[in-house]
Asks: 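Sharing a structure here in C-alpha cells format.
These numbers were taken from a predicted model, which means no experiment stands behind them. So that the names make sense, note that chain A is the first sequence line, chain B the second, and so on, each numbered from 1.
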Amino acid sequence: MGRSRLIKDKWQIVETAFNLIEAEGLDNLSARKLAKNLGISTMTLYNYVPNMAAIEKEVVLMGFNKLYRRILGEVEKRRGELGENGIRSFCRISAWEKIEFAENYSEIYTLMFDPKRSGLKKDLELMPFYNYYNKISMVLNADDKRRESISKSISLFDYIINGIIIERSKEREKTCKEETNKLIDYALECLF
Amino acid sequence: MKKNVKISFLEYLGFEESKELNDKWLQTTRMFGIKNSDLKKAMDEMLPKYWKMETPGVKDMLRAYMLELMDLTRVGEDNSEPVKSVYGVVPSIATSYYALRNAAGQSSYVGYPYLIISTVFSSVLFKTNPFIGQAENDAGISYGCKHCGLNKTRIGLNCKSVIRNPDVVWSWGHTCDEAPKTDEFIKSNCNKDWRYIVTRLPHDTHFGEKDDEIADRVEYVAASIKDGIAEIGKIIGVNVKEEHIWQAIKQERDFMEKIDRLNSLVSMVGKADITGNELSLVSQPIHIPFSTGLENIESSVDKMIGHLESVCKNGEEGEKRPKVGCYFVPFSVPWVAKMFEDKGVDLVFSTTLSMTDKQMEDMNIDNPYKQIAMDWLKMPLAVNGLNEADMICQKIRRYKPDAMVFGLFSFDRWLGAHQKLMVNMVEKETGVPHFYIEGDIWDEKNFNSSNLETRIDSLCDFLKMNKIISEIVIK
C-alpha cells in the first residue's frame with residue numbers, strides 16, 4: 001500500500017468536506033470517504049482533525065462566510081437604495097441573497113440551520129453568525145427602544161425568510177420570484 | 001568585505017556599534033541556536049513586513065527586547081561569574097520584582113526570561129520558540145498536557161540547561177495553578193536543586209465582589225507579598241527596604257500612565273501606525289519584570305506617544321478604520337494582526353494590558369505592601385469573573401472599539417474557559433459586538449492561517465456591514 005500523502009493545509013480538508021456534503025449530502029459524509037477524496041488514510045485525517053464534528057463546524061463556518069460575504073457584496077453594490085426605508089431595503093437584499101444561497105448550497109444550508117444540531121448555535125465561534133442580525137442591529141442609529149424594536153423585527157423577518165426557504169425547497173418547480181417577492185414585501189410592510 | 005549577518009542585524013535594528021554589544025550578541029546567538037539564516041530572513045522579509053520599522057519608537061521597542069534577551073548571557077550556563085538571579089512568572093504584578101531589583105542593584109538578574117525568549121523568537125525572528133518542542137519531545141510534557149507555551153518553555157530551557165538555575169523563582173500562583181506545578185515538575189524530573197517560592201491567591205471571592213475593596217483580602221495579599229520579598233531577599237542576600245518598594249511602585253505607576261496615554265492615542269487616531277502588536281509588546285513590563293529595567297522600553301513608549309500626539313496635532317489622523325480590542329492581542333503571532341490590517345481593520349488595546357480609572361487613582365496608603373496588594377487586586381487577571389467583566393466594560397467605554405475579539409487561549413484551562421465566560425457578559429453590558437476565536441497564541445503550530453483567515457474575513461465583513469447599517473437613517 002502506498003504511503004498516505006501529506007496535506008499541506010488543513011483547509012483542504014474543510015473545502016473537500018464542503019464540496020462532498022454539497023454533492024452527496026451530509027448523511028453520506030464519512031471519515032473514510034473524506035480521506036479517500038483527499039488521497040490520505042483515515043488515520044492521517046485524524047492527525048489533522050479531532051473528529052467529524054470539528055469538520056462539520058468548519059464547514060458551517062465556511063458556509064456563513066460565503067453567505068454573509070454575498071449579502072455584504074450586494075448591499076455594497078446597492079448602497080444607494082438604502083436611503084429612505086433603508087432597513088427595508090437591507091432586509092430585502094439580505095432575503096434574496098439568503099434564498100439564492102440556500103438554493104445554490106442546499107445541503108450546506110440544511111447543515112447550517114439543522115435544528116438537530118442545536119449545539120452549533122451555542123458554539124462561541126459560530127454564535128455571532130447565528131445571531132448576525134441581532135449583532136448588526138446593535139449599531140443602528142436610534143434610541144434604545146427603537147433599536148430593540150427594529151432588532152426584533154429583523155429577527156422575525158429572518159425567521160420568515162427561513163420559512164420561505166423551506167417551502168421553496170419542498171417544491172419541485174420553484175415558486176416564481178414574483179410570488180416570493182410579494183410575500184417578502186408583505187412581511188416587510190407588516191414588520192417595519 | 002562582506003558584512004557579518006549577525007552584526008548587520010544589530011545595525012538594522014538601530015543599535016550603535018560597540019564591541020561589547022557585538023560580543024554579547026554573538027554569545028546570545030550561540031546560546032539560543034540563532035542562525036544567520038534566521039537573522040537574514042528576519043531582516044530581509046519578516047521584520048519589514050510585520051513591523052512598521054520606520055514608525056518612531058518601533059525599533060527602540062524591538063531593541064529593548066533584544067537587550068533583554070542579550071542580558072540572559074549573564075545567567076547563561078557558560079558564564080563563569082554567575083550573578084544573583086530571580087526569575088518571575090506570569091501573571092504577576094511586576095512591582096515586587098522591581099523592588100527586588102532596586103535593592104539588589106543592576107548587577108543582579110531579576111527578570112522573566114521565558115516570555116522574553118518566546119517574544120523574540122516569535123515577534124523578531126518569526127520562528128516557533130524551539131524550547132516548546134524540547135519540552136514536548138524530550139521532557140515529557142506532550143502536547144496533550146495542554147500546558148501553557150510559557151511553562152513549556154521553562155521546562156524546555158531549564159531541563160536542557162540552556163540558562164542557569166536561578167537562585168530562586170518567585171512563582172505567583174495568583175489564580176493560575178500551572179506555574180507552581182511547573183516548578184514541581186522541573187524540581188522532580190529535571191533538577192533537584194530548583195528553588196522556588198510560591199505566593200498563592202485563591203480564586204475565592206464572590207462573583208461580582210470588588211476584590212480590592214475587601215480589607216481582609218488586601219491584608220492577606222500584602223502579607224504574602226511581604227513574606228515573599230523577605231524570603232527571596234534572604235536567599236539572594238539582599239535587604240529590601242520600604243524605600244525600594246515605593247520606588248518600584250512609583251516606577252510602575254509612571255509607566256502605566258504612559259501606557260494608558262498611548263492606548264488612548266491609538267484609539268483616537270484614524271489609521272494608527274501603532275496598533276495592537278506594538279501596544280502589547282510595550283505594555284508587557286506591567287506584568288513581567290525587565291532585568292534591564294524600564295528605561296529602554298519607556299523610551300520607545302515616549303517616542304510612540306510623541307509621534308501620535310504630533311499626528312493628532314497636525315490633523316493627520318486619516319480616515320477612521322474599524323478598531324477591534326482584544327482580551328490579548330496575539331502579538332506572538334504578528335501575522336494575525338497583519339491579516340486584520342490588510343482587511344482594513346486594526347487590532348488595538350488588550351484588556352489585560354490596559355488600565356481602568358480605578359487603577360490610575362491617587363495612592364493614599366502608607367504601607368507599600370498594601371499598595372502593591374491593592375494594585376494587584378485592581379488588575380483584571382487577579383479578580384473574580386464578574387469583577388473582571390466590569391473592568392473590561394470600563395475599558396471598552398474608555399477606548400471605544402468597534403468590536404472585541406476574545407480567545408486564542410484554548411490551551412489554557414484557566415484563561416481559556418475564563419474568556420468564554422466573559423464574551424456574552426461583556427457584549428450584553430456594552431452593546432459592542434464580541435467574537436471568539438479558538439487558538440493558542442504561544443504555539444504557532446496550533447494555528448492554521450487559512451483556517452483563521454475565514455474567521456477574520458467573516459469578522460471584517462461583519463464590521464463593514466456594521467458601518468453601512470450604522471449610516472442608515474432611522475425614521
Asks: Tell me which of these, B:Glu471, B:Lys464, B:Lys420, B:Arg455, has more heavy-atom pairs under 4.5 Å with chain A than the rest.
Replies: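 Top option by heavy-atom pairs under 4.5 Å: B:Arg455.
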Asks: Against chain B, label A:Leu126 side chain, backbone, both or neither, depending on which of its atoms sit under 4.5 Å from a heavy atom there.
Replies: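 Contact with chain B is absent: no heavy atom of A:Leu126 under 4.5 Å.
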Asks: Measuring from atom CG of B:Asp457 to atom CZ of A:Arg69, what distance do you get when rounded to the nearest 0.5 angstrom?
Replies: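 Interatomic distance, B:Asp457 CG to A:Arg69 CZ, rounded to 0.5 Å: 4.5 Å.
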Asks: Please determine, among A:Glu76, A:Met127, A:Glu58, the option with the most heavy-atom pairs under 4.5 Å with chain B.
Replies: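 Between A:Glu76, A:Met127, A:Glu58, the count favours A:Glu58.
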Asks: Between B:Gly431 and A:Met138, which heavy-atom pair has the shortest distance, and what is it?
Replies: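 Heavy atoms only, the tightest pair is O-SD, 3.3 Å.
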Asks: Would one find more than 12 heavy atoms of other residues, nucleotides or ligands at under 6.0 Å from atom NZ of B:Lys41?
Replies: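 Atom NZ in B:Lys41 is not crowded, with 12 or fewer foreign heavy atoms closer than 6.0 Å.
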Asks: Do B:Met465 and A:Tyr132 come within less than 4.5 Å of each other through their side chains, counting heavy atoms only?
Replies: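 In short, these two side chains touch, coming nearer than 4.5 Å.
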Asks: Could you look at A:Arg79 and say if it's the side chain, the backbone, both or neither that has a heavy atom under 4.5 Å from chain B?
Replies: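 When you check distances to chain B, only side chain atoms of A:Arg79 fall under 4.5 Å.
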Asks: For A:Tyr186, does the OH atom have more than 12 heavy-atom neighbours from other residues, nucleotides or ligands under 6.0 Å away?
Replies: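 No.
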Asks: Return the CD1 to CG distance between B:Ile474 and A:Asn85, rounded to the nearest 0.5 Å.
Replies: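 Here the rounded value is 10.5 Å.
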Asks: Find the one option among A:Asp123, A:Leu61, A:Leu124, A:Val75 whose heavy-atom pairs under 4.5 Å with chain B are most numerous.
Replies: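 Most heavy-atom pairs within the cutoff with chain B belong to A:Leu124.
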Asks: Check this for me: B:Phe207, atom CZ, are more than 12 non-hydrogen atoms of other residues, nucleotides or ligands nearer than 6.0 Å?
Replies: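 Result for CZ/B:Phe207: enclosed.
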Asks: Quick one: of A:Asn141, A:Asn65, A:Val14, who has the most non-hydrogen atom pairs under 4.5 Å with chain B?
Replies: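 The answer is A:Asn65.
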Asks: For A:Arg147, is it the side chain, the backbone, both, or neither that has a heavy atom closer than 4.5 Å to a heavy atom of chain B?
Replies: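 For A:Arg147, there is no contact with chain B at all, as no heavy atom is under 4.5 Å.
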Asks: Taking atom CG of A:Asn131 and atom CD of B:Glu427, what is their separation to the nearest 0.5 Å?
Replies: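 A:Asn131 atom CG to B:Glu427 atom CD measures 8.0 Å (nearest 0.5 Å).
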Asks: So for atom CG, which belongs to A:Asp143, do other residues, nucleotides or ligands contribute more than 12 heavy atoms lying within a distance under 6.0 Å?
Replies: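 Atom CG in A:Asp143 is packed in, count exceeds 12.
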Asks: Determine whether the aromatic ring centres of B:Phe462 and A:Phe129 lie less than 6.0 Å apart.
Replies: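 Aromatic pair excluded; centres sit 6.0 Å or further apart.
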Asks: Do A:Leu72 and B:Ile468 make a side-chain contact, defined as non-hydrogen atoms from C-beta onward lying under 4.5 Å apart?
Replies: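 With C-beta onward as the side chain, the pair touches.
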Asks: Output the distance between atom CD1 (B:Ile472) and atom CD1 (A:Ile136), rounded to the nearest 0.5 Å.
Replies: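 Answer for the CD1-CD1 pair, B:Ile472 versus A:Ile136, is 8.0 Å.
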Asks: Could you check whether atom CD of A:Glu148 has more than 12 heavy atoms from other residues, nucleotides or ligands sitting under 6.0 Å from it?
Replies: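 No, because the 6.0 Å sphere around CD of A:Glu148 holds 12 heavy atoms or fewer from other groups.
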Asks: Considering only heavy atoms from C-beta outward, does the side chain of B:Thr454 approach that of A:Trp11 to under 4.5 Å?
Replies: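 Counting from C-beta outward, B:Thr454 and A:Trp11 do come under 4.5 Å.
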Asks: Could you check whether any side-chain N or O of B:Glu438 sits under 3.5 Å from a backbone N or O of A:Glu125, counting only pairs where one atom can act as donor and the other as acceptor?
Replies: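 Checking the backbone N and O of A:Glu125 against the side chain of B:Glu438, no donor-acceptor pair under 3.5 Å is found.
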Asks: Take a 6.0 Å sphere around NZ of B:Lys467 and say whether it holds more than 12 heavy atoms from other residues, nucleotides or ligands.
Replies: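 Not more than 12 within 6.0 Å, no.
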Asks: Is A:Phe64 close to chain B through its backbone or its side chain, or both, or neither, when contacts mean heavy atoms under 4.5 Å?
Replies: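 For A:Phe64, there is no contact with chain B at all, as no heavy atom is under 4.5 Å.
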Asks: Please classify the contact of B:Asn424 with chain A as side chain, backbone, both or neither, using a heavy-atom distance under 4.5 Å.
Replies: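 Contact with chain A involves the side chain of B:Asn424 alone.
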Asks: Report which part of B:Glu453 has an atom under 4.5 Å of a heavy atom belonging to chain A: side chain, backbone, both, or neither.
Replies: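 Looking at B:Glu453, nothing touches chain A.
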